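Contents: one structure, followed by commentary.
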Amino acid sequence: MAASPNLSLVIPVFNEAGNLRTLQERIGAALEPLAMPYEVIYVDDGSQDGSYELLESLAAKDSRVKGIRFRRNYGQTAAMAAGIEAASAPVIVALDADLQNDPADIPLLLSKMEEGFDVVSGWRQKRQDAAFTRKLPSLLANRLISRMTGVRLHDYGCTLKAYRAHLIKEVHLYGDMHRFLPAHAALQGARVAEVPVRHHARGAGKTKYGLGRTFRVLLDLLVVKFMGGYATRPIHLFGGMGLLASFLSFLVALYTLYQKWHWGVFVHRNPLILLAVLLFLVGIQNIMLGLLAEIIVRTYHESQSKRIYTVRESVNLNGQRSRFGLS
């Protein structure tokens, strides 16, 4: 029987037939010196160029190559989620199929992980991409994400990352959330590090990214910020905004009365009274929204017996010291 893998590679694929054979050769050259059992999970995200047929031929020659084929194109996040779910090793490394990530850098990530980190992210210091359409938006997005999540990384967009499987399998991915995996893992108590990696120009095919994804990143970032700070206490967010709006409504109403008493401006002719009413209604709605969110959060956790915390390790519980995979 083949040994259980110590490393799982997860590679989303979308119309990359021109790169797959070379990629698999580079993976073999990078990992064979490590002398560890591994598996390579390719997830075909609805390719139309024969990528999956090529994956079948690679799998026939090497049992470590595994393939998943979607019925249609669902996006990179879905492909990542499927690959992570299928992975059987305790460490998962994700990388792109376009040859821009270098498999030779995988040992660097694993070496850093041995220092006690749970997530190791690649940092493309010398990106081989267009400056205006790729580098500049990425720079701004990385600074914004780092500031809002508190997880300081130079390159959230680099797919080449290593994760401890037990942590990353607890993260449920939606939308385009794959780029926020380090931040999600940090919410579970993971220790995150970053190492410089190489970046190559695309060999074949064409890029699937453009400026349009920048706006999706901003919206997803709002979700990550909410889940990180208010997922178990939404009333603090919505209730806070509601109280602020109600207080502003009170101030505006007082000012309208001041205008009537001192300047003779009648309330029914003063448009500020409409603003006061609007702010009051917005305040009440936000408070009610916070209460509804609290009910939903409690239903979510209690109906599935989900804890609102994660444990790194314990001592003298059940008569022994326990670590929960977070070395």
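Not measured: the values here are computed from a predicted model. Heavy-atom basis, side chains included; hydrogens, waters and symmetry copies ignored.
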Strictly distance-based, threshold 3.5 Å: is any side-chain N or O of Arg164 a donor or acceptor partner for the main-chain N or O of Met113? yes
Is atom CZ of Phe70 surrounded by more than 12 heavy atoms (other residues, nucleotides or ligands) closer than 6.0 Å? yes
Could you check whether any side-chain N or O of Ser51 sits under 3.5 Å from a backbone N or O of Glu16, counting only pairs where one atom can act as donor and the other as acceptor? yes
Linking I/L/V/M/F/W/Y whenever their side-chain heavy atoms sit closer than 4.5 Å, directly or via other members, would Ile287 and Phe238 fall into one cluster? no
Give a yes or no on this: more than 12 heavy atoms of other residues, nucleotides or ligands lie within 6.0 Å of atom CE of Met288. no
To the nearest 0.5 Å, atom CG of Leu279 lies from atom CG of Leu251 at 9.5 Å
Cation-pi check, Arg72 to Tyr74: give yes when NZ or CZ is under 6.0 Å from the six-membered ring centre and within 45° of the ring axis, no otherwise. yes
Any donor and acceptor pair, going by atom type alone, linking the side chain of Thr299 with main-chain N or O of Ile295 inside 3.5 Å? yes
Does a side-chain N-to-carboxylate-O contact under 4.0 Å join Glu53 and Arg69? yes
Donor-acceptor contact below 3.5 Å, side chain Ser47 vs main chain Asp44: no
At what distance, to the nearest 0.5 angstrom, does CG of Asn73 lie from CG of Asp45? 4.0 Å
Is it the case that one hydrophobic cluster holds both Val282 and Ile273, taking links as side-chain heavy atoms less than 4.5 Å apart, direct or via other members? no
Aromatic ring proximity His262/Tyr258, centre distance under 6.0 Å: yes
Derivation and outcome, side-chain contact (heavy atoms from CB on, under 4.5 Å), residues Ile27 and Leu23: CA-CA 6 Å; Ile27 289 173; Leu23 175 60; 4.0 Å; yes
Distance (rounded to the nearest 0.5 Å) between Leu109 CG and Lys161 NZ: 9.5 Å
Evaluate Val151 against Tyr156 for side-chain contact (heavy atoms from CB on, under 4.5 Å), listing each step before the verdict. CA-CA 10 Å; Val151 182; Tyr156 269 90; 3.2 Å; yes
Just how far is it from atom OH of Tyr38 to atom CD of Glu32, taken to the nearest 0.5 Å? 4.5 Å
With distance as the sole criterion, is a donor-acceptor pair present between the side chains of Asn19 and Thr22 under 3.5 Å? no
Using a 4.5 Å cut-off on heavy atoms from C-beta on, say whether the side chain of Leu237 contacts that of Met241. yes
Taking the side chain from Asp105 and the backbone from Arg198, do they hold a donor-acceptor pair closer than 3.5 Å? yes
For residues Met36 and Val40: do they belong to one hydrophobic cluster (side chain heavy atoms under 4.5 Å, members Ile, Leu, Val, Met, Phe, Trp, Tyr)? yes
What one should report as the nearest heavy-atom pair of Met80 and His178 is CG-CB, 4.1 Å
Can Val93 and Leu7 be said to form a side-chain contact (heavy atoms from CB on, under 4.5 Å), step by step? CA-CA 7 Å; Val93 171; Leu7 175 66; 3.6 Å; yes
Describe, in one word, how the ring planes of His154 and Trp123 are oriented to each other, choosing from parallel (under 30°), tilted (30 to 60°) and perpendicular (over 60°). parallel
With no hydrogens and no angle check, is any side-chain donor or acceptor of Ser8 less than 3.5 Å from a backbone partner on Ala89? yes
Among side-chain atoms of His199 and Asn101, is any donor-acceptor pair under 3.5 angstrom? no
Looking only at heavy atoms, which two atoms of Ala59 and Val65 are closest? And how far apart? CB-O, 3.5 Å
At their closest point, which heavy atom of Ala17 faces which heavy atom of Asp49, and how far apart are they? N-OD2, 3.0 Å
Looking just at side-chain N and O atoms, do Asp96 and Thr159 make a donor-acceptor pair shorter than 3.5 Å? yes
Same cluster for Leu272 and Leu281 if Ile/Leu/Val/Met/Phe/Trp/Tyr side chains link at under 4.5 Å? no
Kindly give the heavy-atom pair with the smallest separation between Ala79 and Pro12, and that separation in Å. CB-CB, 3.7 Å
Please tell me if the side chains of Ser88 and Pro5 come closer than 4.5 Å, counting only heavy atoms from C-beta onward. yes
Salt bridge present between Arg64 and Glu39 (N-O < 4.0 angstrom): no
Short side-chain to backbone donor-acceptor contact, Lys169 and Glu85, under 3.5 Å: yes
Distance in Å, His236 NE2 paired with Leu243 CG, rounded so as to fall on 0.5 Å steps: 11.0 Å
Is it true that, when you exclude Glu56 itself, more than 12 heavy atoms of the residues, nucleotides or ligands shown sit nearer than 6.0 Å to its CD? yes
Using the rule that two of Ile, Leu, Val, Met, Phe, Trp, Tyr join whenever any of their side-chain heavy atoms come within less than 4.5 Å, decide whether Phe180 and Leu144 are in one cluster. yes
Flag side-chain contact, heavy atom, 4.5 Å: Leu54 against Arg21: yes
Sidechain-backbone polar pair: Asn15 side chain, Gln48 backbone, donor-acceptor under 3.5 Å: yes
Taking all atoms of both residues into account, what is the closest heavy-atom pair of Ile11 and Ala97, and its distance? CG2-CB, 3.6 Å
So, for Ala185 and Val119, which heavy atoms are closest and what is the spacing to 0.1 Å? CB-CG2, 3.6 Å
Taking the side chain as C-beta and beyond, is there a heavy-atom pair between Ile106 and Leu31 under 4.5 Å? yes
Quick check: does any side chain N or O of Gln76 sit under 3.5 Å from a backbone N or O of Phe14, one acting as donor and the other as acceptor? no
Spacing of CG belonging to Leu167 relative to CZ belonging to Arg191, to within rounding of 0.5 Å: 10.0 Å
Would Leu20 and Leu55 satisfy side-chain contact (heavy atoms from CB on, under 4.5 Å), going step by step from the backbone distance to the final call? CA-CA 8 Å; Leu20 293 177; Leu55 290 176; 3.8 Å; yes
Donor-acceptor check, side chain of Ser249 to backbone of Ala245, threshold 3.5 angstrom: yes or no? no
